[in-house]
Student: 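Submitted below is the structure of interest, expressed as structure tokens.
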Protein chains: 2
Amino acid sequence: MQEKSTRTPNADRRAMMRKKLMDAARSLFVEKGFAATSTPEIVKSAQVTRGALYHHFEDKEDLFRAVVVAEAKELRQAIEVATKGMIDDPLGTGSKGYFEAMSIQGRAQLLLIDGPAVLGIQEMDQIDAGGGRAALRTGLATANSDLSDEELEAVTKVLSAGYDRAALAIAQGEAAKPYEQAMAALVRATIS
Amino acid sequence: MQEKSTRTPNADRRAMMRKKLMDAARSLFVEKGFAATSTPEIVKSAQVTRGALYHHFEDKEDLFRAVVVAEAKELRQAIEVATKGMIDDPLGTGSKGYFEAMSIQGRAQLLLIDGPAVLGIQEMDQIDAGGGRAALRTGLATANSDLSDEELEAVTKVLSAGYDRAALAIAQGEAAKPYEQAMAALVRATIS
DNA sequence: CTTGCATGCATACAGCCTGTATGTTTATGA
DNA sequence: TCATAAACATACAGGCTGTATGCATGCAAG
């Protein structure tokens, strides 16, 4: 019998290793923040060596970027599932979906606090592209046509910031209902 | 004649040294971010040694905290001056004052991006206490009495986040007017 | 005024972290 | 099967942080 029959294709090894590193890194980034998390810690938690990390990622920031991008993707998918087929009241449904999706442990911290600080606002905006903000904009645009592009963009950003702040507060343990009501009222006021 | 007549009281030396360090640190923190700014860089820019830095501040984070606290204080004072005696339309005046005060180079980055990431949301909330948010809350409360405390708090935070996001966009070079209009509309909708 | 002490500041050092260079193993495909 | 490339591990150089130590300067009591 063959002892060493553990032949693993490169594609699989790559995917598994990246996942191991990103999972370990996510936990530590959420727990201690980006700066306070060292690469020795990460690889120890992932039970690999720093060689693996620097083979798959350019540097620590690049690993953080990968974690954030994956998180944003999961967020988009969760919202998409929650609002699937909801043609009536897309804004209300999207809101609830967003709050639920953002209640995942550490997600708000990663996407709203550490992400902008480490990667910059510009890149975070780009990573979030197609996320909740785009849906919000189209929702506002269809419900309220008499807004210039500039105004629509401004209102969208500002309301989106409100959603983010609400999600952050909820993630920190505050009650969700007042924030849901507040955002609903603001959106209603905007489109009417 | 006395050569070494440069006798400086300790209180003055302390104040001057702290200012020199905080000014140099502020520039570099704004330019490169907290993590990417090293203490050797800071003291070189301030033309002192690391000994002085670690004599006056516990560590790099403590220096950052001092910079942020001073920035928040200046912001409060600027808003206070702008809204002094404006009893009619305090919300509108406060809004304009806030946007102007937040347009100071690097202020939005320090208070809205790096601050929360380095010091945490909790501490930043505390540092901002008595800032624009408090004024906004009282403004909303007087104009709209039929809100529970919980709802008032939520609406305040969410609108305040909108103001912050708007200030950030303006600080990054976007036109101010659409944001002023957007926030004005939201506030108007909230209090009526 | 001077003398003991506290404060302000500079220098030196230890430990850690990051990123790279180099070496070794494992898969690929010809 | 064999050459090559990819995956991963180890070793190293440089820089940074925070602390310990030493000197200078202001302070306050006598």
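Just so it is clear: chains get the letters A, B, ... in the order the sequence lines come, proteins before strands, and each one is counted from 1.
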Student: Flag the pair B:E150 and A:K177 as a salt bridge only when some basic side-chain nitrogen lies within less than 4.0 angstrom of an acidic carboxylate oxygen.
Tutor: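 No.
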
Student: A:S38 side chain N/O closer than 4.0 Å to the phosphate oxygens (OP1, OP2) of C:dC17?
Tutor: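 Yes, within the criterion.
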
Student: Looking at B:R14 and C:dG8, is any side-chain donor or acceptor paired with a base atom of the opposite kind under 3.5 Å?
Tutor: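 Per atom types, no contact qualifies.
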
Student: Determine, for B:E174 against A:K157, whether the closest basic-nitrogen to carboxylate-oxygen distance falls under 4.0 angstrom.
Tutor: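 Yes, this pair counts.
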
Student: Given atom CZ of B:R50 and atom P of D:dG15, what is their separation to the nearest angstrom?
Tutor: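 Taking atom P of D:dG15 as the reference, CZ of B:R50 is at 14 Å.
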
Student: How many Å lie between CE on A:M17 and C1' on C:dA27, as a whole number?
Tutor: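 From A:M17 CE to C:dA27 C1': 15 Å.
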
Student: Please indicate whether A:E80 has more than 12 foreign heavy atoms, meaning atoms of other residues, nucleotides or ligands, lying under 6.0 Å from its CD.
Tutor: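 It does not: A:E80 CD has 12 such atoms or fewer within range.
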
Student: Is the phosphate of D:dC16, meaning OP1 or OP2, less than 4.0 Å from a side-chain N or O of B:T39?
Tutor: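 For B:T39, the contact criterion (side-chain N or O under 4.0 Å from OP1 or OP2 of D:dC16) is not met.
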
Student: For the pair A:Y98 and A:Y163, name the ring-plane relationship: parallel under 30°, tilted 30 to 60°, perpendicular over 60°.
Tutor: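 It falls in the perpendicular class, over 60°.
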
Student: Return the orientation label for the B:F64 and B:F29 ring planes: parallel under 30°, perpendicular over 60°, tilted otherwise.
Tutor: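 It falls in the perpendicular class, over 60°.
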
Student: Under a 3.5 Å distance rule, please check whether A:K60 uses its side chain to pair with a backbone N or O of A:F34 as donor and acceptor.
Tutor: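 Between the backbone of A:F34 and the side chain of A:K60 there is a qualifying donor-acceptor contact (under 3.5 Å).
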
Student: Just the rounded figure in Å: distance from P of C:dC16 to CD1 of A:I42.
Tutor: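 Those two atoms, CD1 and P, are 17 Å apart.
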
Student: Which residues, if any, of residues 51-61 of chain A bring a heavy atom under 4.0 Å of DNA chain C?
Tutor: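 Heavy-atom contacts with DNA chain C come from A:Y54, A:D59, A:K60.
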
Student: Distance check needed: D:dC27 P versus B:D12 CG, whole Å only.
Tutor: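 Answer to the nearest Å: 9 Å.
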
Student: Is there, by distance only and without an angle test, a donor paired with an acceptor across the side chain of B:R13 and the base of D:dG26 below 3.5 Å?
Tutor: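 Answer no: no donor N or O sits under 3.5 Å from an acceptor.
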
Student: Could you give the NZ-to-P distance, from B:K44 to D:dG15, as a whole number of Å?
Tutor: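 Distance check: B:K44 NZ to D:dG15 P gives 12 Å.
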
Student: Can you check the B:K20 NZ to C:dC9 C1' distance for me, whole Å?
Tutor: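 Rounded to the whole Å, the gap is 11 Å.
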
Student: I'd like to know if B:R165 and A:D125 make a salt bridge, using a cut-off of under 4.0 Å between side-chain N and carboxylate O.
Tutor: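 Salt bridge present between B:R165 and A:D125.
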
Student: Please list, in numerical order, the residues of residues 25-32 of chain A that have a heavy atom closer than 4.0 Å to any atom of DNA chain C.
Tutor: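 Listed by number, there are none.
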
Student: Give a yes/no answer on whether the side chain of A:T49 brings an N or O atom under 4.0 Å of OP1 or OP2 in D:dC8.
Tutor: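 No, no such contact exists.
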
Student: Has the side chain of A:R107 got a donor or acceptor atom that lies under 3.5 Å from a matching backbone atom of A:A101?
Tutor: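 Side chain of A:R107 to backbone of A:A101, a donor-acceptor pair under 3.5 Å: yes, one is there.
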
Student: Salt-bridged, A:R65 to A:E61, with N to O below 4.0 Å?
Tutor: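 Judged by the 4.0 Å cut-off on N to carboxylate O distance, A:R65 and A:E61 do form a salt bridge.
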
